[in-house]
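Please read the structure below before turning to the comments.
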2 protein chains.
Amino acid sequence: MRPKLKENVQKSVTLTPLRVACSGCNLRELCLPMKLSIADMEQVDDLISLKHAYQRGDYLYRSGAKFQALYAIRTGFFKTQVLHEDGREQVTGFQMAGEIIGMDAISSDAHACDAIALEDSEVCEIPFGRLEELSRKLPSLQRHLHRILSREIVRDQGIMLLLGSMRAEERLAVFLLNLSQRYATRGYSPTSFHLRMTRQEIGSYLGMKLETVSRTLSHFQGLGLISIRKKSVELNNLSGLQTIVGPPQQLL
Amino acid sequence: MRPKLKENVQKSVTLTPLRVACSGCNLRELCLPMKLSIADMEQVDDLISLKHAYQRGDYLYRSGAKFQALYAIRTGFFKTQVLHEDGREQVTGFQMAGEIIGMDAISSDAHACDAIALEDSEVCEIPFGRLEELSRKLPSLQRHLHRILSREIVRDQGIMLLLGSMRAEERLAVFLLNLSQRYATRGYSPTSFHLRMTRQEIGSYLGMKLETVSRTLSHFQGLGLISIRKKSVELNNLSGLQTIVGPPQQLL
DNA sequence: CGGGGACTTGATACTGTTCAATTTCCGTGG
DNA sequence: CCACGGAAATTGAACAGTATCAAGTCCCCG
């Protein structure tokens, strides 16, 4: 696959740098905002050339495993979770195509959480040593890497806000709206999609029990906000969901 | 202050590189793990030379403010908080001497949270553009920056676990033990310290109401685990607190 | 020395959990 | 292809943990 790609680069002058680096690996996240020359782009392209397939249930990495690479999800769906020694588990995120995963491992050279495929997926490996090396030469790559790391921090802060100060209904509404927006960004319907995760996993992520997730979804359905049947959801009233997130009782 | 420092560098051969870069600014976090030549160290030293004082209640930065620099806390104590439009606020962290703050702003060039001094504090400014520039030249600085960013991600994951799967008692025990450990690292007593924040702020951080914080602290005192009088805490039984965090009822 | 914020404590209300019983669905093997 | 078995999901009822509301105290700062 890769050689063919390189030929494309050389032959097709009309190909924008963007499309070159992203054609081997649909890395919206990694490539979109960068302005690179063709030559530079090829270097980035080389970096992310390794591609692996994972089946549903497979671990992309396990907590404690030696850190070697970041991973760019090309297709599919993952969850990340941290395990407490006493058996508690907390889902820390759901990741879909175009997102980068594994950044927790940089700090200690070992992964701090598990990443598990929720459906069959393809992933590009980004050897971190080489990424650092290359980003020393390419300021725009460097800047982009920093943005990705920082975005993860901001995302986590949002989840803290959610877990620390929202009620069950609000959390679930935020969750659905977030999925909706992410699917929309990727060209899928923002109002009709499949949940790749179980109620239990949603509950773990949102800090509530699976029964509460189920009840709350049923409640939303009763209000006509959504239609849900097992894992297929339809959001019938996006602004209605927004209202639930907003001031439930008049605060401030 | 800075000129004097440079003279020290030139005259005192016995000064280790570490002590040079840290003498102007007590940046355990930023400097400790790096191996740099004297010349490189001086460059890092130059980078972090700007120092500012903040009084209790002052904002180090506000949400939305343009991103210009990271900040290394030299002395004092800060909190960071995110505000939801409907007035809800969530404290996302308490930062003390030696910690780096402001990394949320890299992703969008604007700060995503407020940082407020909880006591009179001194802070070193680290212009981020120059930090990036220098870290392109110094791989060990680059690596260290990445570790700091990643550590923040790991920290946030820990808080998600706390908020998502622990009960009030456990959260508070974790909180006290975490403070204890951080004070110990800095050479202060791990068992006797002042809380710099209000019950309300602790509650916001831990996802509970101030009354619950107060009650739970009283409860710990009743158990003989701690002694607390307003803001002074004494941890009388560290392993007892650990037990509270551990399996409360036999899980798994 | 006053005033107001911070804190504590109690009584009550409510949200979400726990336990339990069914039902539905999906993958597997006959 | 259908039947089966087990996991996932739904729903109900009782319960537990926190939040809420309300007094009252303490103490820090001006």
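Values below: every heavy atom of this structure, side chains too, minus hydrogens, waters and symmetry copies. Letters go in sequence order (proteins before strands), and every chain restarts at 1.
- Regarding contacts with the backbone of C:dC7, every side-chain N or O of B:Ser214 stays at 4.0 angstrom or more from both OP1 and OP2.
- A:Arg199 has no side-chain polar atom (N or O) that falls below the 4.0 Å cut-off from OP1 or OP2 of D:dA8.
- For the pair B:Arg56 CZ and C:dG5 P, the computed distance is 13 Å after rounding to whole Å.
- If you find the closest nucleotide of DNA chain C to A:Met166 and to B:Glu211, the one lying nearer the 5' end belongs to B:Glu211.
- At the heavy-atom level, A:Arg229 lies under 4.0 Å from the strands shown only through sugar-phosphate atoms.
- The nearest heavy atom of DNA chain C to B:Arg215 and to B:Gln200 marks one nucleotide each, and the one closer to the 5' end goes with B:Gln200.
- When rounded to the nearest whole Å, the span between CE of B:Met208 and P of D:dA19 equals 7 Å.
- D:dA9 atom P lies 8 Å from atom CD1 of A:Ile202, rounded to whole Å.
- For A:Met197 and D:dA9, the CE to P distance is 11 Å, given to the nearest whole Å.
- Distance CG (A:Leu172) to C1' (C:dT15): 15 Å, rounded to an integer number of Å.
- Considering only side-chain atoms of A:Ser218, the nucleotide from D:dA9, D:dT11, C:dA11 that sits closest is D:dT11.
- Contacts of B:Gly203 with the nucleic acid, taken as non-hydrogen atoms under 4.0 Å apart, are absent.
- Here the side chain of B:Gln221 pairs a donor or acceptor atom with the backbone of B:Ile228 at under 3.5 angstrom.
- Distance, B:Gln55 CD to D:dC29 C1': 15 Å, rounded to whole Å.
- Nearest to the side chain of B:Thr198, among C:dC7, D:dA19, D:dA8, sits C:dC7.
- For the 3.5 Å distance criterion, the side chains of B:Ser239 and B:Asn237 qualify, holding a donor opposite an acceptor.
- A:Cys113 SG to B:Leu161 CG: the interatomic distance, rounded to the nearest 0.5 Å, is 11.5 Å.
- The shortest distance between the side-chain N/O atoms of B:Lys230 and the OP1/OP2 oxygens of D:dC28 is not below 4.0 Å.
- Nucleic acid contact class of A:Thr212 (heavy atoms, under 4.0 Å, all strands): base.
- The phosphate of D:dC27 (OP1 or OP2) has no side-chain N or O of B:Lys231 nearer than 4.0 angstrom.
- Interatomic distance, B:Met166 CE to B:Leu172 CG, rounded to the nearest 0.5 Å: 12.0 Å.
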field: Test log, rule salt bridge (Lys or Arg N to Asp or Glu O under 4.0 Å), inputs B:Arg155 and B:Glu99
entry: CA-CA 13 Å; B:Arg155 188 189 74 90; B:Glu99 293 175 337; over 6 Å; no

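- Taking atom CZ on A:Phe220 and atom P on D:dA9, their separation rounds to 17 Å, with Å as the unit.
- Rounded to whole angstrom, the span from the CG atom of A:Leu210 across to the P atom of D:dA7 amounts to 14 Å.
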